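From a predicted model like this one, the values you see are computed outputs, not experimental measurements.
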Amino acid sequence: MFCQNFEISFCGEGKEVTVETLAKLMLSLQRKKCHNINLVSPGHIIPQIVEALLIAAQNGLNIPIVYNSNGYDLTDTLKHLDGIIDIYLPDMKFADNKLGKKYLGVKNYYDIASSALIEMFRQVGNLEADDMNIAYKGLIIRQLVMPQNLAHSEKIMTFIAENLSLKTYVNIMAQYYPSHQSYKFKEINRGIRDEEFKYVIKVANEVGLENIRR
């Protein structure tokens, strides 16, 4: 409802390609010295992506593969990616199923996303970087601070600390602004306030998370 990239996610931009073409695109990015292949919201085309990765790997693809998602990923799907994905980059948008339904239009968001994070962490663990400080493996969680703390950020931070690792990298983001259909909801039809952002940082520190990025 408030996607800030709604032109891409809702307006039909982009074009279909074959798995062979996708493999060639990946190899082209590697030749251009890209640090990784970033797959954004790829959950609905996993079989095609895996096939393309196999073709690309057979032709020399060796840079990290990033799974970049909104966190609403089924663990059964993620298990098929064990050993294929190097870096998981999920959101944790809401720690409340009802709010997930209201603002994202999906069922059981928190239950599914929290299970997904556990599976992602099981596969890749804490973030690892090379001598140039470029990540090559691990988990990075994004948490977008919402007006009035509607994300229930304290629950999210506690979940990460207790179920994943205190060393988990968490990117706490302050860039929320009303977009797309947010005008339909008065409570999110504004940007966040400084004190709302500082509260989430405070909570993350209080639960002992060691790698907070903003």
Side-chain angles (χ1 to χ4, degrees), residues 1-6 8-10 36-53 64-128 135-146 149-173 176 200 203-204 207-213:
M1 295 296 185
F2 54 86
C3 180
Q4 295 170 355
N5 297 313
F6 66 91
I8 298 172
S9 56
F10 284 90
N36 55 61
I37 302 297
N38 194 335
L39 306 170
V40 181
S41 301
H44 59 299
I45 51 170
I46 292 301
Q48 293 85 354
I49 286 175
V50 171
E51 186 177 354
L53 284 170
I65 309 301
V66 180
Y67 189 100
N68 184 339
S69 84
N70 60 15
Y72 194 66
D73 297 289
L74 295 176
T75 54
D76 286 347
T77 299
L78 295 173
K79 288 176 181 177
H80 290 295
L81 298 172
D82 194 358
I84 296 174
I85 300 300
D86 300 290
I87 299 172
Y88 280 103
L89 181 59
D91 293 315
M92 175 57 99
K93 293 183 179 294
F94 294 101
D96 183 282
N97 288 332
K98 291 181 180 178
L99 293 176
K101 177 64 175 176
K102 180 177 181 179
Y103 298 118
L104 304 177
V106 299
K107 296 180 179 179
N108 303 319
Y109 174 82
Y110 178 67
D111 292 344
I112 290 172
S114 57
S115 295
L117 291 185
I118 291 173
E119 174 60 21
M120 292 174 181
F121 183 76
R122 183 193 69 79
Q123 291 183 23
V124 298
N126 289 315
L127 192 69
E128 299 179 34
Y136 62 86
K137 182 182 179 183
L139 173 67
I140 310 171
I141 300 171
R142 292 176 302 225
Q143 214 275 289
L144 181 66
V145 178
M146 296 290 292
N149 190 32
L150 284 173
H152 291 201
S153 296
E154 63 284 341
K155 185 175 179 180
I156 292 172
M157 299 305 157
T158 300
F159 169 83
I160 294 170
E162 293 181 351
N163 295 277
L164 304 181
S165 166
L166 294 179
K167 296 184 181 298
T168 302
Y169 273 71
V170 182
N171 181 13
I172 298 176
M173 303 185 298
Y176 175 81
V200 179
V203 167
V207 300
L209 294 175
E210 300 174 15
N211 290 308
I212 302 300
R213 297 296 182 267

**Item:** Test item: Thr168 side-chain N/O and Ser165 main-chain N/O as donor-acceptor pair under 3.5 Å
**Value:** yes
**Request:** List the steps and the verdict of side-chain contact (heavy atoms from CB on, under 4.5 Å) for Ile118 and Leu164.
**Result:** CA-CA 7 Å; Ile118 291 173; Leu164 304 181; 4.1 Å; yes
**Request:** Side-chain contact test, heavy atoms from C-beta onward, threshold under 4.5 Å: evaluate it for Asp73 versus Met120 and give yes or no.
**Result:** yes
**Prompt:** Parallel, tilted or perpendicular: which describes the rings of Tyr103 and Phe94, with under 30° parallel and over 60° perpendicular?
**Reply:** parallel
**Asked** Side chains of Ile212 and Tyr169: closer than 4.5 Å at any heavy-atom pair?
**Response** no
**Request:** Quick one: which residue pairs count as a salt bridge (charged side-chain N to carboxylate O under 4.0 Å, His left out) with a foot in residues 157-169, not counting sequence neighbours?
**Result:** Lys167-Glu210
**Request:** Compare every heavy atom of Asn36 with every heavy atom of Val66, then report the nearest pair and how far apart it is.
**Result:** CG2-CG, 3.6 Å
**Asked** Just checking, Lys155 and Tyr110: is the charged tip under 6.0 Å from the six-membered ring centre and within 45° of the axis?
**Response** yes
Under 3.5 Å, side-chain donor or acceptor atoms of residues 78-86 against the rest of the protein: list the pairs with distances, not counting sequence neighbours.
{"from": "Asp82", "atom 1": "OD2", "to": "Arg122", "atom 2": "NH2", "distance (Å)": "3.0"}
{"from": "Asp86", "atom 1": "OD2", "to": "Ile65", "atom 2": "N", "distance (Å)": "2.8"}

**Request:** Decide yes or no for Leu39 and Asn68: does some side-chain heavy atom of the first lie under 4.5 Å from some side-chain heavy atom of the second?
**Result:** no
**Asked** Would you say the side-chain atoms of Asn108 pair up with the backbone N or O of Asp111, donor to acceptor, closer than 3.5 Å?
**Response** no
**Message:** I'd like to know if the side chain of Arg142 and the backbone of Asn70 have a donor-acceptor N/O pair within less than 3.5 Å.
**Reply:** no
**Message:** Does this structure show an ion pair linking Lys93 with Asp91, if we count only N-O contacts that are shorter than 4.0 Å?
**Reply:** yes
**Asked** How about Ile87 and Val124: do any of their side-chain heavy atoms sit closer than 4.5 Å?
**Response** no
**Min side-chain heavy-atom separation Met92-Ile160 under 4.5 Å** = no
